[in-house]
Amino acid sequence: MTEKSNLFKCHKISEGKTSGEVLFSKDGICFYLIDPESGVVIERNHSLFGKSIANKILVFPNGTGSSVVQADGMYQLKMHNMGPKAMIVENADTTLVASSIIMEIPLVDKVDSNFNENVKNKDILEVNATEGKIKLVQKGE
């Protein structure tokens with residue numbers, strides 16, 4: 001792994017720094033359709049159905065659902081310590097932005113274009129939203 005292939009620039013939305021295992025979703029996320037006690041996606045026909053987002057670096061295209069269900073879903077996950085450690089999103093909407101800031105979950109967008117070809121599920125990332133940097137720390141299994 002070269003230095004260039006494991007460092008990515010991004011745009012800070014909600015500050016913070018954390019590290020953890022990455023989990024990609026090809027579908028938008030409705031946090032209300034995630035079981036708050038387990039972090040498991042319960043939305044049928046979702047690419048992450050049956051998988052837990054708890055303590056993951058969640059990579060997804062966008063948030064879905066109304067502002068009330070999005071904010072409440074994130075709040076319930078946070079209260080049960082089952083929310084994501086950080087989020088990397090393609091299209092940030094106002095509700096996702098506001099909820100991330102209030103819940104103190106690092107959120108970034110506008111990630112370098114080579115991110116998706118170099119990072120895969122189960123890789124370990126360090127997300128430094130405050131400085132606009134993502135580092136691929138370790139390749140997954």
Side-chain angles (χ1 to χ4, degrees), residues 1-67 69-141:
M1 194 166 44
T2 67
E3 186 70 17
K4 187 162 179 76
S5 69
N6 71 344
L7 288 174
F8 310 94
K9 292 180 192 165
C10 58
H11 171 252
K12 172 189 80 169
I13 297 174
S14 177
E15 66 183 18
K17 181 179 177 181
T18 190
S19 61
E21 183 181 309
V22 70
L23 179 64
F24 281 86
S25 173
K26 65 178 178 135
D27 299 320
I29 301 283
C30 179
F31 291 95
Y32 197 71
L33 294 174
I34 298 172
D35 176 32
E37 294 183 7
S38 66
V40 172
V41 176
I42 57 175
E43 180 180 357
R44 297 209 178 275
N45 300 320
H46 193 281
S47 62
L48 296 182
F49 178 72
K51 294 187 172 128
S52 176
I53 67 158
N55 300 307
K56 300 282 195 287
I57 308 294
L58 185 60
V59 183
F60 60 109
N62 54 279
T64 63
S66 73
S67 57
V69 299
Q70 281 291 76
D72 184 55
M74 286 180 79
Y75 174 77
Q76 293 301 325
L77 286 164
K78 176 96 173 166
M79 292 301 98
H80 288 90
N81 294 313
M82 289 292 148
K85 284 186 163 186
M87 297 184 292
I88 301 169
V89 65
E90 288 177 36
N91 303 299
D93 62 80
T94 306
T95 302
L96 186 62
V97 169
S99 298
S100 298
I101 293 168
I102 292 166
M103 304 300 164
E104 299 178 335
I105 301 170
L107 174 67
V108 299
D109 67 355
K110 300 178 184 166
V111 180
D112 284 341
S113 59
N114 62 339
F115 178 81
N116 286 347
E117 61 195 50
N118 287 292
V119 178
K120 303 295 178 218
N121 278 332
K122 298 192 178 188
D123 289 352
I124 305 298
L125 296 180
E126 181 179 278
V127 177
N128 186 335
T130 305
E131 294 181 10
K133 298 177 188 174
I134 299 171
K135 181 178 182 181
L136 175 56
V137 177
Q138 178 182 329
K139 291 301 272 179
E141 298 161 17

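Just one residue in the list D93, I101, T95 forms a side chain to side chain contact (heavy atoms under 4.5 Å, CB included) with V97, and that residue is I101.
Heavy atoms from other residues, nucleotides or ligands lying under 6.0 Å from NZ of K133 number 12 at most. Counted within 6.0 Å of NZ on K17, heavy atoms from surrounding residues, nucleotides or ligands total 12 or fewer; the atom is thus considered open. Heavy atoms from other residues, nucleotides or ligands lying under 6.0 Å from CZ of F115 number more than 12. Other residues, nucleotides and ligands place no more than 12 heavy atoms under 6.0 Å from the OH atom of Y32.
Put simply, the side chain of V59 does not reach to within 4.5 Å of the side chain of V119, judged on heavy atoms. Within the 4.5 Å cutoff, the side chain of E43 has no heavy atoms near those of the F49 side chain. Side-chain atoms of K110 and C10, non-hydrogen and from C-beta on, never get closer than 4.5 Å to each other. Proximity of I88 to D109: side-chain heavy atoms (C-beta onward) are nowhere separated by under 4.5 Å. Residues V41 and K51 have side chains not in contact (no heavy-atom distance under 4.5 Å, counting atoms from C-beta outward). Residues N91 and L96 have side chains not in contact (no heavy-atom distance under 4.5 Å, counting atoms from C-beta outward). Residues I57 and I134 form no side-chain contact, since every pair of their non-hydrogen atoms from C-beta on lies 4.5 Å or further apart. Between L48 and I29 there is a side-chain heavy-atom pair separated by less than 4.5 Å.
Atom CG of residue D123 and atom NZ of residue K139 lie 4.0 Å apart, to the nearest 0.5 angstrom. With values rounded to the nearest 0.5 angstrom, S100 atom OG is found 12.5 Å from E15 atom CD. Between atom CG of residue D112 and atom CG of residue L7 there is a gap of 9.5 Å, rounded to the nearest 0.5 Å. Distance check, rounded to the nearest 0.5 Å: NE2 of H80 to CG of D35 gives 8.5 Å. In this structure, the separation between CD1 on I102 and NZ on K78 is 11.5 Å, given to the nearest 0.5 Å. Here the CG atom belonging to N118 is positioned 4.5 Å from the CZ atom belonging to F8, to the nearest 0.5 angstrom.
Between the side chain of S14 and the backbone N or O of I105, at least one donor-acceptor pair lies under 3.5 Å. Under a 3.5 Å cut-off, the side chain of S38 and the backbone N or O of S52 do not form any donor-acceptor pair.
Scanning both residues, G65 and C30, for their nearest heavy atoms gives CA-SG, 4.4 Å. Nearest heavy atoms, K26 versus P61: O-CG, 3.5 Å. In plain terms, the two heavy atoms of A92 and I13 that are nearest each other are CB-CD1, 3.6 Å. T18 and P106 make their closest contact through CG2-CG, 4.4 Å (heavy atoms, listed as atom of the first residue, atom of the second, distance). Looking at every heavy atom in both residues, S19 comes nearest to K85 through O-NZ, 2.9 Å. When every heavy atom of K120 is checked against every heavy atom of V22, the shortest pair comes out as O-CG1, 2.8 Å.
Relative orientation of the F31 and F60 rings is perpendicular, given thresholds of 30° and 60° on the angle between their planes.
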Going through the distances and angles, do H46 and S25 end up as a side chain to side chain contact (heavy atoms under 4.5 Å, CB included)? CA-CA 9 Å; H46 193 281; S25 173; 3.2 Å; yes

